[in-house]
Protein chains: 2
Amino acid sequence: MDTVRISAPHRELLDQVLDKWSLSVLSELCERPCRFNELRRAIPQVTQKSLTATLRRLERNGVVAREVVSTRPVAVSYRITPLGKTLRPPVDVLLTWAADHMPAITRAREAFDAPGGVPGSDRSESSDRSESER
Amino acid sequence: MDTVRISAPHRELLDQVLDKWSLSVLSELCERPCRFNELRRAIPQVTQKSLTATLRRLERNGVVAREVVSTRPVAVSYRITPLGKTLRPPVDVLLTWAADHMPAITRAREAFDAPGGVPGSDRSESSDRSESER
DNA sequence: CTGTATCCGCTATGATACTG
DNA sequence: CAGTATCATAGCGGATACAG
């Protein structure tokens with residue numbers, strides 16, 4: 001009844017901000033401003049290309065700011081913006097959720113991926129699940 | 001300074017639960033259990049294939065339950081699980097954030113995508129910034 | 001009704017090389 | 001250091017056909 005009903009624009013927005021690497025980057029920049037390569041080191045799995053793309057997207061959405069220092073060689077620093085900071089609590093809530101329920105999720109996955117030995121875990125017919133769950 | 005530091009497993013988990021259609025589906029199932037085609041109607045943009053995939057993934061992660069009623073033709077009902085319900089507050093916070101900051105984001109995007117007429121909006125050199133980080 | 005199976009094109013992503 | 005350019009590949013989403 002309550003709960004904000006999701007709309008297309010909302011989904012699109014969250015797609016931009018909560019994509020594959022955004023959370024990691026945001027989480028990192030919330031701690032301190034970072035240079036490009038600092039971010040790479042902090043998030044080893046991301047490729048240069050994807051990191052660049054992510055930073056651009058975040059910059060475009062106004063949550064991250066890019067600063068170029070004209071030294072030689074140039075130094076570029078990324079930092080969270082005020083708007084970006086407002087994203088912190090929601091993200092934090094999310095990460096907390098993830099941390100809290102990780103075990104349950106893992107269990108659910110294992111049950112689902114069950115080697116087939118477990119009866120009742122079958123995904124076909126089962127007129128109704130009156131079975132004493134859990 | 002604190003903020004939960006994101007880890008690979010967390011990111012992977014959120015990728016599964018917060019993907020393109022998950023929020024829409026979850027948001028729908030939070031309201032009431034739904035049949036497959038009810039969901040399709042509720043989320044017109046999703047294709048059958050993607051909806052199936054999304055439901056499977058959510059089911060695997062234990063946030064959605066699938067119930068098959070052996071009528072003829074069969075009826076399948078999806079509902080949110082207790083675990084799935086715990087996802088509600090975080091998601092709600094997120095959607096609220098999106099709603100609240102949508103205007104700011106839109107403005108940021110327009111500034112970024114600037115037709116090139118606006119000086120200073122250029123993404124290259126901006127020599128200032130004395131620099132001294134940590 | 002509720003899917004599974006295919007083909008297909010687009011995009012995202014990774015690996016690698018090159019530039020200012 | 002901080003990217004851009006390019007190529008190759010993987011996976012997703014769309015459309016369509018078919019099945020229990």
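Chain letters run A, B, ... following the sequence lines, proteins first, then strands; residues in each count from 1.
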* Asked: Is the closest side-chain donor-acceptor distance between A/Thr47 and A/Ser50 under 3.5 Å?
  -> yes
* To do: Grab the CD-C1' distance between B/Gln16 and D/dG11 for me, whole Å please.
  => 14 Å
* To do: Ignoring backbone atoms, test whether B/Arg35 places a side-chain nitrogen or oxygen under 4.0 Å from the OP1 or OP2 oxygen of C/dT2.
  => yes
Would you tabulate the pairs of protein nitrogen or oxygen atoms and nucleotide nitrogen or oxygen atoms of nucleotides 12-16 of chain D closer than 3.5 angstrom?
unit_1, atom_1, unit_2, atom_2, d
D/dG13, N7, B/Lys49, NZ, 3.3
D/dG13, O6, B/Lys49, NZ, 3.1
D/dG14, OP2, B/Thr47, OG1, 3.1
D/dG14, O6, B/Lys49, NZ, 2.7

* To do: Look at A/Arg40 and D/dG3 and indicate whether a side-chain polar atom (N or O) is within less than 4.0 Å of OP1 or OP2.
  => no
* Asked: Once you round it to whole Å, what is the distance between P of D/dG3 and CZ of A/Phe36?
  -> 6 Å
* Asked: Which whole-number value in Å describes the distance from A/Glu67 CD to D/dG3 C1'?
  -> 18 Å
* Asked: Has A/Tyr78 got a side-chain N or O lying under 4.0 Å from the OP1 or OP2 atom of D/dG3?
  -> yes
* Begin from the C-alpha positions of B/Asp113 and A/Arg60 and carry the test salt bridge (Lys or Arg N to Asp or Glu O under 4.0 Å) through to its verdict. => CA-CA 8 Å; B/Asp113 299 338; A/Arg60 184 172 109 92; 2.2 Å; yes
* Asked: Do the side chains of A/Val93 and A/Leu13 join up, straight or via other hydrophobic residues, at under 4.5 Å, putting them in one cluster?
  -> no
* Asked: How close or far is atom P of C/dA15 from atom CG of A/Leu51, stated in whole angstroms?
  -> 14 Å
* Separation of B/Leu94 CG from A/Leu14 CG (nearest 0.5 Å) -> 5.0 Å
* Taking NZ, NE, NH1 and NH2 as the nitrogens, is one of them in A/Arg109 or B/Glu12 under 4.0 Å from a carboxylate oxygen of the other? -> yes
* What's the CZ-P distance between A/Arg66 and D/dA2, to the nearest Å? -> 10 Å
* To do: Would you kindly give the CG-to-P distance between B/Leu55 and C/dC1, to the nearest whole Å?
  => 16 Å
* Once you round it to whole Å, what is the distance between P of C/dG3 and CZ of B/Arg72? -> 17 Å
* State plainly whether the residues B/Asp19 and B/Arg57 are in salt-bridge range, i.e. N to O under 4.0 Å. => yes
